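Worksheet for the structure shown next.
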2 protein chains.
Amino acid sequence: MSIRNPKQALYEQFAAVAKALGNPQRLELIEHLAQGPRSVDALAGKLGLPIANVSQHLQAMRRAGLVTSERDGKFINYSLVDESVLAAFAAVRTVAERHSAEVERVVRVWFHRRDDMEPVSREELASRMNDGLVTVIDVRPADEFALGHLPGAINVPLSELESRLPSFESGREIVAYCRGPWCVMSFEAVAELRKRGFSARRLEDGLPEWKASGLAVKCNA
Amino acid sequence: MSIRNPKQALYEQFAAVAKALGNPQRLELIEHLAQGPRSVDALAGKLGLPIANVSQHLQAMRRAGLVTSERDGKFINYSLVDESVLAAFAAVRTVAERHSAEVERVVRVWFHRRDDMEPVSREELASRMNDGLVTVIDVRPADEFALGHLPGAINVPLSELESRLPSFESGREIVAYCRGPWCVMSFEAVAELRKRGFSARRLEDGLPEWKASGLAVKCNA
DNA sequence: ATGACATTCAATAATTATATTGAATGAATT
DNA sequence: AATTCATTCAATATAATTATTGAATGTCAT
């Protein structure tokens, strides 16, 4: 590394952070890490990528100051360094959402009509849960649910949704949530539920954002 | 480009935005564009880079949806697409500031003691300006000053600071600002002023943040 | 100690990013 | 129409990123 002036040195540091965010796999890793600490192995399983590859990505993120790691027996658990990483991800997403026609197109093509998917705000959901007016389903896999979920939510992994449909009260509104604002699982759940005649909506964003806004989270540990 | 699932497609879009932020030159361009629209030529002059190089960076940013361009005669003026780009830059900076020991080191080495450089908040400056208690100097070059500055600020480009020192009232506090939170010019101005016995501080952040927070801006155009 | 397992390291190949150069384009001026 | 000037394009060389493979490291259980 050559001698630089301070301005360049700072810009390089900032660019290093942005660069660490500048890869689709790493963003997906961040979304998973936003749920809580995870081992390399668990992350590799979730993303369907080779372990060595995930390890390299995690190390790159550690170098940039996005994640930290801690050994726990045979496992090494990575976690996000703090909420500022999620805030940066969100800010990047905002730029993309506002300006990239491609994002709009993808959302529209895969999720049909955007207004059909108008989400429930956290505040609205919190108050309707208090009044007992709504069934909240967490469509993430069981292992992620166990590590933290909305109090009162029931875990209905997407793969089990169809088989568990008969157990839902038909008049009652259902709100689904998953990992985050662009996690496809809650979109798919809502689409499926509506096809079967249920009144269903998504929660805005996902569990990490719920947690970040100071609302209660329950955990099975 | 291969066929992807929607999740991958979205992550790729988000990553493209982060990637466009992931280069020190481009970040510096963003800081300049935060002051207002600029031509390729003007930007190249400010950064001291070849015009073709700057043109390529700007095109990369345009592809990612960070900037737009508009022809004005011989010139093509680029501008930031909106404040969300600055918000993303700020979020990235926050991650870097919190977690990168290197940033801290650079700041400390070049700016001596960090607490010496405690900035004035926008609110505080606004009220003290109202009371007429403070001299506000804009240490950016004259061309940037002309395109917008704090009302009541006087333009003292860093290069002219020394020769204009005698014109400053010695009892009065001086607040310096420049392009943004990490723009070195205001740090240097404050250091110089203090060396000469003046009471001087920096404004937190710079002009774009002042503007973004809804405070008035004056312009010579 | 030995084997099992999670992770990292090292080496490689393929892809992508970046800087540089000079030519091409397109708008204004003469 | 010829010139000037800002910008872009095209071609190239260099460097950085990414995925992949298999070996190495470190921890736990037996």
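In what follows, chains carry the letters A, B, and so on, assigned in the order in which the sequence lines appear, proteins first and then strands, with residues in each chain numbered from 1. Predicted, not measured: the structure shown is a model, and the values here were computed from it.
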Distance-only polar pair, side chains of [X] and [Y], donor-acceptor under 3.5 Å:
X	Y	value
Gln35(A)	Arg140(A)	yes
Ser213(B)	Glu209(B)	no
Tyr177(B)	Glu204(B)	no

Provide, to the nearest angstrom, the distance between the [atom1] atom belonging to [X] and the [atom2] atom belonging to [N].
X	N	atom1	atom2	result
Glu12(B)	dT17(D)	CD	C1'	15 Å
Asn77(A)	dT7(C)	CG	P	8 Å
Ile76(B)	dC9(D)	CD1	P	9 Å
Glu28(A)	dT18(D)	CD	P	15 Å
Arg26(B)	dA16(D)	CZ	C1'	13 Å
Leu58(A)	dT18(D)	CG	P	13 Å
Phe75(A)	dA6(C)	CZ	P	5 Å
Asp72(B)	dA6(D)	CG	P	13 Å

Looking at [options], which one has an atom nearest to any side-chain atom of [X]?
X	options	result
Gln56(B)	dA11(D), dG26(C), dT7(C)	dA11(D)
Ala52(A)	dT18(D), dG22(D), dT8(D)	dG22(D)
Ser55(B)	dA19(C), dT8(D), dT8(C)	dT8(D)
Arg62(A)	dA17(C), dT20(C), dT8(C)	dT8(C)
Tyr78(A)	dA17(C), dT8(C), dT20(C)	dT8(C)
Lys74(B)	dT7(C), dC9(D), dA6(D)	dA6(D)
Gln25(A)	dG26(D), dA19(D), dT18(C)	dA19(D)

Close side-chain approach of Asn77(A) to Ser69(A), heavy-atom, < 4.5 Å: no
Contact check, side chains of Gln8(A) and Glu28(B), non-hydrogen atoms, under 4.5 Å: no
Does [X] put a side-chain nitrogen or oxygen below 4.0 Å from OP1 or OP2 of [N]?
X	N	answer
His57(B)	dA17(C)	no
Gln59(B)	dC9(D)	yes
Asn23(A)	dT18(D)	yes
Asn53(A)	dT18(D)	no

First of Leu49(B) and Ser39(A) reached from the 5' end of DNA chain C, by closest nucleotide: Ser39(A)
Flag if over 12 foreign heavy atoms under 6.0 Å of CD, Glu162(B): no
Sugar-phosphate only, base, or nothing, as touched by Ala60(A) at under 4.0 Å among non-hydrogen atoms: nothing
Closest-nucleotide 5' rank along DNA chain D - winner of Ala42(B) and Gly73(A): Ala42(B)
